[in-house]
K.L.:
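What follows is a single structure, and I will ask about it in a moment.
So that the names make sense, note that chain A is the first sequence line, chain B the second, and so on, each numbered from 1.
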Amino acid sequence: MATTTTIKLTEMVEAYTSDLYSWALHKVSDSELAKDLVQDTFMAAAEKIDTFKGDSSPKTWLLAILNFKIIDVYRKKVRQPVRMDDQVFAQFFDEDGSWKYEKRPGDWHEEETNLLDDAGFQEVLKKCLEALPEKWSTCVKLKYLVEKDGEEICQELDITPTNLWQIVHRAKLQLRDCIEHSWFKQ
Amino acid sequence: MKKLMHILFLSCLKATELIEKKMHFRLSWMERMQLKAHKMMCDACTRYEEQSAYIDQAIEKTRHENLSASELNQFKQQIVDKLGDSD
């Protein structure tokens, strides 16, 4: 590698590692994986540095590479096979599809209390997300992670729309129930 | 009777499915009407929808710990070293 490119890259590492890492961590919620992705991003950047013309800022360019790698992580996660039986539904609904009495959503008083900024509530949310199969929690988070609408998410990740919302449906039922039990009924 | 009601106004199982579908995709006219009618009669599903949206907001707000200054410097050095290796 020519010395000038090495210097250029070293400068980029110095300037953008922090931002890239925050972004990756925000998107994959796993610090080791986030580090790997950032490192891979710079490795890919080193190979492609000659094609970087400076039309965009270096940060935009690096983020584009990083985002590509993040999508790849999601793609692998949603491809994991997970059983899609109706056991989940039997937990919450009776045979004709009405809520079981004890599983009906309780009152969270979410209007009066500011749970979103509550560290304890965030902790419960995190714990409940982790309790789901990884593919399910990824699907629940996809909407904000990918910042795209359903159709685009499906195209990008190569899953059918029906598959996506059916997973989200099962995941959300469990997630909601887990939060209610861990936070409101403790 | 209950069966007929469910065909017209959906079961809670189906209503919650449409609630989740709605957050990602556009519902058909028929689905929108059915869901609306169902929620008028069902407090549990109305509550479910509010809480489901609330959970989405909470997920969006999730904070992660950033690296400390020394961890960050160490990480930068690690990347630079790695870049050097591939010369």
K.L.:
Is there a side-chain contact between A:Trp165 and B:Leu18 (heavy atoms, below 4.5 Å)?
P.N.:
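A:Trp165 vs B:Leu18: side chains apart.
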
K.L.:
Looking at B:Cys42, B:Ala15, B:Ser11, B:Ala44, which has the largest count of heavy-atom pairs under 4.5 Å with chain A?
P.N.:
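The residue among B:Cys42, B:Ala15, B:Ser11, B:Ala44 with the greatest pair count is B:Ala44.
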
K.L.:
Specify which of B:Thr16, B:Val80, B:Leu72 makes the most heavy-atom pairs with chain A at under 4.5 Å.
P.N.:
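Of the candidates given, the most pairs with chain A belong to B:Thr16.
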
K.L.:
I'd like to know which of A:Thr162, A:Leu173, A:Val140, A:Ile153 tops the heavy-atom pair count under 4.5 Å against chain B.
P.N.:
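The answer is A:Leu173.
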
K.L.:
Please determine, among A:Leu142, A:Leu129, A:Asp107, A:Leu175, the option with the most heavy-atom pairs under 4.5 Å with chain B.
P.N.:
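Of the candidates given, the most pairs with chain B belong to A:Asp107.
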
K.L.:
How about CD on B:Gln74, more than 12 heavy atoms from neighbouring residues, nucleotides or ligands closer than 6.0 Å, or not?
P.N.:
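At most 12 heavy atoms, drawn from other residues, nucleotides or ligands, come within 6.0 Å of this atom.
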
K.L.:
More than 12 foreign heavy atoms under 6.0 Å from CZ of B:Arg32: is that the case here?
P.N.:
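Yes, CZ of B:Arg32 has more than 12 neighbouring heavy atoms, counting only those of other groups under 6.0 Å.
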
K.L.:
Between atom NZ of B:Lys21 and atom CG of A:Leu164, what is the distance when rounded to the nearest 0.5 Å?
P.N.:
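Here the rounded value is 11.5 Å.
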
K.L.:
Let me know if A:Ser31 has heavy atoms under 4.5 Å from chain B in its side chain, its backbone, both or neither.
P.N.:
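Interface part for A:Ser31: neither.
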
K.L.:
Where on B:Glu50 is there a heavy atom nearer than 4.5 Å to chain A: the side chain, the backbone, both, or neither?
P.N.:
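Interface part for B:Glu50: both.
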
K.L.:
Supply the atom-to-atom distance A:Leu115 CG to B:Gln57 CD, rounded to the nearest 0.5 angstrom.
P.N.:
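Result: 10.5 Å between the selected atoms.
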
K.L.:
For the residue pair B:Glu60 and A:His26, what are the closest heavy atoms and their distance?
P.N.:
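Scanning both residues completely, I find the closest heavy atoms to be O-CE1, 4.3 Å.
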
K.L.:
Check each atom of A:Phe92 against the heavy atoms of chain B and say whether the ones under 4.5 Å are side chain, backbone, both or neither.
P.N.:
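Contact with chain B involves no heavy atom of A:Phe92 at all.
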
K.L.:
Among the options A:Ser18, A:Ala45, A:Pro105, pick out the one with the most heavy-atom pairs lying under 4.5 Å from chain B.
P.N.:
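Heavy-atom pair counts peak at A:Pro105.
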
K.L.:
Is A:Glu14 close to chain B through its backbone or its side chain, or both, or neither, when contacts mean heavy atoms under 4.5 Å?
P.N.:
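For A:Glu14, heavy atoms of backbone and side chain both lie under 4.5 Å from chain B.
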
K.L.:
About how many Å separate CG of A:Leu125 and CD1 of B:Ile59, when rounded to the nearest 0.5 Å?
P.N.:
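Taking CD1 in B:Ile59 and CG in A:Leu125, the distance rounds to 5.5 Å.
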
K.L.:
Would one find more than 12 heavy atoms of other residues, nucleotides or ligands at under 6.0 Å from atom NZ of A:Lys103?
P.N.:
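Yes, the 6.0 Å shell around NZ holds more than 12 heavy atoms from other groups.
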
K.L.:
Any side-chain heavy atom of A:Thr10 within less than 4.5 Å of one from B:Leu83?
P.N.:
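No, their side chains stay 4.5 Å or more apart.
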
K.L.:
Considering non-hydrogen atoms only, spot the tightest contact between A:Gly150 and B:Phe25 and give its length.
P.N.:
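Looking at all heavy atoms of both residues, the shortest contact is C-CE2, 3.4 Å.
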
K.L.:
Which bit of A:Gln122 is near chain B, if near means a heavy-atom gap under 4.5 Å: side chain, backbone, both or neither?
P.N.:
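Contact with chain B: side chain only.
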
K.L.:
Just so I understand: if I count every heavy-atom pair under 4.5 Å between each of B:Asp43, B:Ile19, B:Asp56, B:Leu10 and chain A, which residue has the most?
P.N.:
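Greatest number of close heavy-atom pairs with chain A: B:Asp56.
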
K.L.:
Chain B heavy atoms under 4.5 Å from A:Phe93: which part of the residue, side chain, backbone, both or neither?
P.N.:
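Only the side chain of A:Phe93 comes within 4.5 Å of chain B.
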
K.L.:
A:Trp108 vs B:Tyr54 aromatic rings, parallel, tilted or perpendicular, using cut-offs 30° and 60°?
P.N.:
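Rings of A:Trp108 and B:Tyr54: perpendicular, as their planes differ by over 60°.
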
K.L.:
For atom CD of A:Glu47, is the number of surrounding heavy atoms from other residues, nucleotides or ligands below 6.0 Å larger than 12?
P.N.:
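Counting neighbours around CD of A:Glu47, 12 or fewer heavy atoms of other residues, nucleotides or ligands fall under 6.0 Å, so no.
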
K.L.:
Counting only heavy atoms from other residues, nucleotides and ligands, does the tally under 6.0 Å from NZ of A:Lys100 exceed 12?
P.N.:
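Yes, enclosed.
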
K.L.:
Side-chain heavy atoms under 4.5 angstrom apart, residues restricted to Ile, Leu, Val, Met, Phe, Trp, Tyr: same cluster for A:Phe68 and A:Phe42?
P.N.:
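Looking at the clustering, A:Phe42 is in a separate group from A:Phe68.
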
K.L.:
I'd like to know if the side chain of A:His169 and the backbone of B:Glu20 have a donor-acceptor N/O pair within less than 3.5 Å.
P.N.:
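Not at all, since once roles are kept as given, no pair shorter than 3.5 Å links the two residues.
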
K.L.:
Between B:Ser52 and A:Lys172, do the side chains contain an N or O donor and an N or O acceptor separated by less than 3.5 Å?
P.N.:
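Note: B:Ser52 and A:Lys172 side chains meet the donor-acceptor criterion.
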
K.L.:
If I take atom CE from residue A:Met43 and atom NZ from residue B:Lys82, how far apart are they, to the nearest 0.5 angstrom?
P.N.:
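If I round to the nearest 0.5 Å, the distance is 5.5 Å.
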
K.L.:
For the pair B:Gln51 (side chain) and A:Gly106 (backbone), establish whether a donor and an acceptor sit closer than 3.5 Å, ignoring hydrogens and angles.
P.N.:
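Yes, the answer is positive, given that a donor and an acceptor are paired below the 3.5 Å cut-off.
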
K.L.:
Between the side chain of B:Lys76 and the main-chain N/O of A:Val13, is any donor-acceptor distance below 3.5 Å?
P.N.:
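Not a single qualifying donor-acceptor pair exists.
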
K.L.:
Can you name the closest pair of heavy atoms from A:Phe89 and B:Leu13 and give their distance?
P.N.:
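Scanning both residues completely, I find the closest heavy atoms to be CD2-CD1, 3.4 Å.
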
K.L.:
Would A:Lys35 count as a cation-pi partner of B:Phe75, with NZ or CZ less than 6.0 Å from the six-membered ring centre and within 45° of the ring normal?
P.N.:
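Judged by the rule, A:Lys35 and B:Phe75 form a cation-pi pair.
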
K.L.:
Under 6.0 Å from the CZ atom of B:Arg47, do we count more than 12 heavy atoms belonging to anything else shown?
P.N.:
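Enclosed.
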
K.L.:
Given that the side chain runs from C-beta out, which part of A:Leu116 has a heavy atom under 4.5 Å from chain B: side chain, backbone, both or neither?
P.N.:
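Both parts, backbone and side chain.
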
